[in-house]
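This report refers to the structure that appears directly beneath it.
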There are 2 protein chains.
Amino acid sequence: MVDHVLDVLKSCSLLSGLPEAALREVAPLARVRPFQANEVLYQRGEVQSALSVVGAGNVRIGSTNAEGREIMLTLFEPGAWFGDTVFSPGMPRVFGATAHTDGELVEVPGQDYRALLARYPEAYPRTLDMLSRRLWSAISIIEDNALRDMPGRVGRRLLFLAHMHDPQRGPGPVTFKLTREHIANMMGMTRQGVHGVLKALEQRGLIRFSYGRITVPDPDALKAYLDERTG
Amino acid sequence: MVDHVLDVLKSCSLLSGLPEAALREVAPLARVRPFQANEVLYQRGEVQSALSVVGAGNVRIGSTNAEGREIMLTLFEPGAWFGDTVFSPGMPRVFGATAHTDGELVEVPGQDYRALLARYPEAYPRTLDMLSRRLWSAISIIEDNALRDMPGRVGRRLLFLAHMHDPQRGPGPVTFKLTREHIANMMGMTRQGVHGVLKALEQRGLIRFSYGRITVPDPDALKAYLDERTG
DNA sequence: CTGAGACTGTCAACCGGTTTACAGTTGGCG
DNA sequence: CGCCAACTGTAAACCGGTTGACAGTCTCAG
């Protein structure tokens with residue numbers, strides 16, 4: 001059991017700055033939390049802080065406004081971490097988390113994680129780096145949303161997801177299990193709007209899509225097309 | 001001279017976790033860089049990393065796309081810091097910085113800053129907290145942009161700036177020196193669109209504005225109005 | 001004081017993307 | 001194997017916000 005937790009923690013990039021001995025220390029303190037598709041894991045506004053690592057399955061990060069309109073920020077795969085409030089205890093969560101598929105979460109209580117860092121300060125630089133990169137991503141999204149039109153935004157986000165999906169991926173094709181509606185929620189668009197964009201991209205051979213699935217056959221080609229589209 | 005640099009460093013929230021002795025160590029390594037209004041301080045894409053603290057004047061953070069359309073992320077006041085790439089050396093800057101008024105920057109070379117943190121590890125938690133809050137802000141902006149209409153977005157951003165301007169402010173009025181165009185650039189809107197929104201907010205008595213100036217007489221009232229507008 | 005340049009108000013035309021509506025598919029579950 | 005719920009395609013009406021254009025106003029440097 002603890003061995004399994006340890007494996008999950010080891011797979012997490014945020015924790016890879018810590019020596020294995022450190023991970024062994026926290027593993028017993030972590031909680032394994034299995035989840036089913038569409039289960040709400042955390043709600044926006046909660047103040048409790050824990051570091052969550054996706055052990056299996058996919059998790060949607062996003063929030064919903066009063067009228068039920070949803071915005072989805074990103075989709076996390078196994079090994080990803082969230083719950084950035086561990087670094088600012090007391091702050092409410094800005095976004096909620098929902099299970100996208102069945103899977104399992106490994107949760108390290110915020111206090112224990114912070115205590116661990118204090119005991120292994122050599123891990124701090126790596127931690128700052130990870131957080132700073134996440135900020136970088138968020139700012140890129142703001143920029144894309146402000147400066148690009150719909151095809152540009154959708155294309156860029158697909159590339160972003162492709163990169164999250166597998167940072168060291170080669171040039172091969174990537175497939176996402178996302179409905180038109182999920183994409184719409186990621187982009188602040190509608191189902192129909194997304195449809196039009198995808199159709200246009202498909203006609204250029206840059207993507208392929210079918211029921212609940214989108215494939216980018218050649219991410220580099222897509223990137224080249226997008227870069228060319230706005231200089 | 002070094003005393004002046006020290007004062008600026010002390011005023012910076014990011015560095016306030018460090019003991020004064022530590023700041024005295026880096027002060028001689030920092031560079032003072034005076035600037036004039038509209039001078040370009042850093043450009044998007046540069047990889048050189050330094051921690052910049054605003055010593056005097058205002059700095060716009062933003063970037064420009066190929067067609068010359070600009071997006072402005074925020075406006076920094078004295079004491080604010082930027083150059084988050086110090087935490088991820090080698091990463092290019094996502095946004096550029098431009099002088100909004102005359103003023104002066106204090107720049108600490110990235111290496112020196114990182115070395116200092118390593119020497120005073122007790123400052124790490126505060127540093128993580130600051131970075132994490134900045135991420136929180138960025139995500140809030142993404143959310144606002146996706147979920148709110150123009151009046152909602154403009155209003156929220158004004159409140160955000162009011163808070164940046166003076167985190168411990170009382171309930172009094174706040175005034176910004178921003179043109180309609182600057183606001184438009186912050187929101188991904190046009191000058192004319194902003195005009196309409198401001199007029200609507202003014203008619204409700206929530207803001208007042210004149211040439212190059214916007215005043216929020218009662219931020220709490222504005223907040224209440226915005227919260228009510230979308231539940 | 002005065003002029004030039006930056007900022008502002010306003011309006012009609014336009015358009016990208018939403019809304020609304022409905023019919024056709026797909027795939028999983030009983 | 002067949003049904004139902006979720007997902008998808010399509011098209012017309014609509015609308016918020018941009019585009020473009022121009023005249024008026026303010027500010028500050030000289």
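Chain A is the first sequence line, chain B the second, and so forth, proteins listed ahead of strands; every chain is numbered from 1.
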>> Quick check: do B/Phe176 and B/Leu158 have side-chain heavy atoms less than 4.5 Å from each other?
In response: yes
> To the nearest Å, how far apart are A/Asp149 CG and C/dG17 P?
Replying inline: 6 Å
>> Taking atom CD as the centre, does B/Gln48 end up with more than 12 heavy-atom neighbours from other residues, nucleotides or ligands that are less than 6.0 angstrom away?
In response: yes
> So which nucleotide from C/dG9, D/dC7, C/dT18 ends up closest to the side chain of B/Phe209?
Replying inline: C/dG9
> Is any side-chain N or O of B/Lys199 closer than 4.0 Å to OP1 or OP2 of C/dT10?
Replying inline: yes
>> Just the rounded figure in Å: distance from C1' of D/dT27 to CZ of B/Arg213.
In response: 10 Å
> Rounded to the nearest Å, what distance is computed from the CG atom of residue B/Asn145 to the C1' atom of nucleotide D/dG17?
Replying inline: 15 Å
> What nucleotide, of C/dT19, C/dT10, D/dG17, holds the atom closest to the side chain of B/Arg191?
Replying inline: C/dT10
> Taking the side chain of A/Thr190 as its heavy atoms from C-beta onward, which of D/dT8, D/dT25, C/dT19 lies nearest to it?
Replying inline: C/dT19
>> Is the phosphate of C/dT8 approached by B/His195 (side-chain N or O, under 4.0 Å from OP1 or OP2)?
In response: no
> For the base of C/dT8, is there a side-chain donor-acceptor partner from B/Gln192 under 3.5 Å away?
Replying inline: no
>> At less than 3.5 Å, do the side-chain atoms of B/Arg180 and the base atoms of C/dG9 form a donor-acceptor pair?
In response: no
>> Nearest whole Å is fine: how far is C/dT26 C1' from A/Lys177 NZ?
In response: 15 Å
>> Please determine whether the number of non-hydrogen atoms from other residues, nucleotides or ligands lying under 6.0 Å from atom CH2 of B/Trp136 exceeds 12.
In response: no
> Can you check the B/Ile183 CD1 to D/dT18 P distance for me, whole Å?
Replying inline: 14 Å
> With a cut-off of 6.0 Å (strictly less than), are more than 12 heavy atoms of other residues, nucleotides or ligands near NZ of A/Lys10?
Replying inline: yes
>> In this structure, how many angstroms lie between the P atom of C/dT18 and the CZ atom of A/Arg153, rounded?
In response: 8 Å
> Whole-Å distance between C/dG9 C1' and B/Glu181 CD?
Replying inline: 14 Å
> Over how many whole Å does the gap from B/Asp102 atom CG to D/dC28 atom C1' extend?
Replying inline: 14 Å
> A/Phe76 vs A/Phe82 aromatic rings, parallel, tilted or perpendicular, using cut-offs 30° and 60°?
Replying inline: parallel
